[in-house]
Number of protein chains: 2
Amino acid sequence: MGDVFKALADPTRRTILDELTERDGQTLFEICVRLANRHHLNLSRQAISQHLTVLEEAGMITIRRQGRYKFHHLDTTPLATIFERWPINREGQ
Amino acid sequence: MGDVFKALADPTRRTILDELTERDGQTLFEICVRLANRHHLNLSRQAISQHLTVLEEAGMITIRRQGRYKFHHLDTTPLATIFERWPINREGQ
DNA sequence: TTGACAGGCAAGTGAAGACTTGCCTATCAT
DNA sequence: ATGATAGGCAAGTCTTCACTTGCCTGTCAA
C-alpha cells in the first residue's frame, strides 16, 4: 500500500476526496466535469487520472469496473492511522 | 497558517513528530542526535531546521526561546481539521 | 574577551512530482 | 462495421522540494 500522507499532500487530490464525499461512485469524466464547474480546476483528463491512481494506491479510493465505466469509491479508513500515530490534544475539553 | 498536509507529506518530518511525541520540548541539536541515533537519519542541521520551520508554519510545532536555546513543542490540534473534513468509516464497529 | 556552542540566512544542486501532449485500446449504440 | 464514448500508456516539460555548503549572528563559560 502506498503513502496516505503523500496522497493528501496535493490540494487537487483533497478536492477530489471532497467531491467523492458529497457524491460517491463517480466516473473519471464526472470527476473532471465537477472539478471544472465547481472548483475552476481545468485540468486534463490524464492529470486527474493520475491523481486517482495515487489515491487508489494510498487506499483512499476503491475501483469498481463495469463495462467501459470505472467508478471511484471513497474509503477514509486509512485516515485512522494518522490519529493512531499522534494523539490529538482536544484543548479545553 | 501553512499547510498541515504538506507538513505531514515528508517522512522525516513525521519522524520528528514521533520524537516530539515521545519527548516534548527538544532543541534542534537534540532532535538531530535522536534522528541520527534512533532512526539512522544522518541529515545536516540545516535540513532538520528547515523541516522544523515547515512544521511550525503548519501549526504542528510551537517555539519557546530561552537564551541560546530554542525548544520545540508538539501541537497536534491541526490534525483535527483532517477528521472534520472527511468522516471516518469505522468498519465493523 | 576569547573560544565554544546553539542557531540562522542564502544560494546552489539534484531529485521527485504535477501536468501536458500524442497515440492506443476497449466498450457500446446505430 | 463504424463512429462516438470512456479510459490507458508513455514520453517530455516544468515546477516544487529536500538537502547541502558556506558564512554569519547571538549566547554562555573560562
Are any of Lys70(A)'s side-chain N or O atoms less than 4.0 Å away from OP1 or OP2 of dG8(D)? yes
Answer yes or no: does a side-chain N or O of His51(B) lie under 4.0 Å from OP1 or OP2 of dC17(D)? no
Arg13(A) side-chain N/O to dA18(C) phosphate OP1/OP2 under 4.0 Å: yes
Nucleotide of dG7(D), dA10(D), dC17(D) approaching Lys6(B) most closely (side-chain heavy atoms): dC17(D)
I want to verify a distance call: between dG8(C), dG7(D), dC19(D), whose nearest atom is closest to the Gln50(B) side chain? dC19(D)
Any donor-acceptor pair under 3.5 Å linking the side-chain atoms of Glu19(B) with those of His39(B)? yes
Which atom names give the shortest non-hydrogen contact between Gly59(B) and Pro78(B), and what distance separates them? O-CG, 3.3 Å
Closest non-hydrogen atom pair, Gly25(B) against Leu20(B): N-CD2, 4.3 Å
Salt-bridge criterion met for Lys6(A) and Asp10(B) (N-O under 4.0 Å): no
Whole angstrom is fine here: how far is it from CG in Asp3(A) over to P in dA16(C)? 14 Å
Between CZ of Arg65(A) and P of dT27(C) the distance, given in whole Å, is 10 Å
Can you tell me the distance, in whole Å, between the CZ atom of Arg68(A) and the P atom of dT27(C)? 10 Å
As a quick check of understanding, evaluate side-chain contact (heavy atoms from CB on, under 4.5 Å) for Arg13(A) and Leu8(A), giving each step before the final call. CA-CA 7 Å; Arg13(A) 284 195 287 270; Leu8(A) 293 175; over 6 Å; no
Please figure out whether Tyr69(A) or Ala9(B) has its closest DNA chain D nucleotide nearer the 5' end. Tyr69(A)
Without decimals, in angstroms, what is the distance between Leu52(A) CG and dG17(C) C1'? 16 Å
Does anything in residues 24-49 of chain A reach DNA chain D, meaning a heavy atom under 4.0 Å, and if so which residues? Thr27(A), Leu28(A), Phe29(A), Arg45(A), Gln46(A), Ser49(A)
Kindly give the heavy-atom pair with the smallest separation between Trp86(A) and Thr76(B), and that separation in Å. CB-CG2, 4.1 Å
Pick the nucleotide of DNA chain C nearest each of Phe71(B) and Gln66(A); which residue has the one closer to the 5' end? Phe71(B)
Nearest-angstrom distance from the residue atom CZ of Arg64(A) to C1' of dA6(D): 15 Å
Nearest heavy-atom contact between His72(A) and Ile63(A) is CD2-CD1, 3.3 Å
Residue Asp10(A), side-chain heavy atoms: nucleotide from dG7(C), dA18(C), dA6(D) that is nearest: dA18(C)
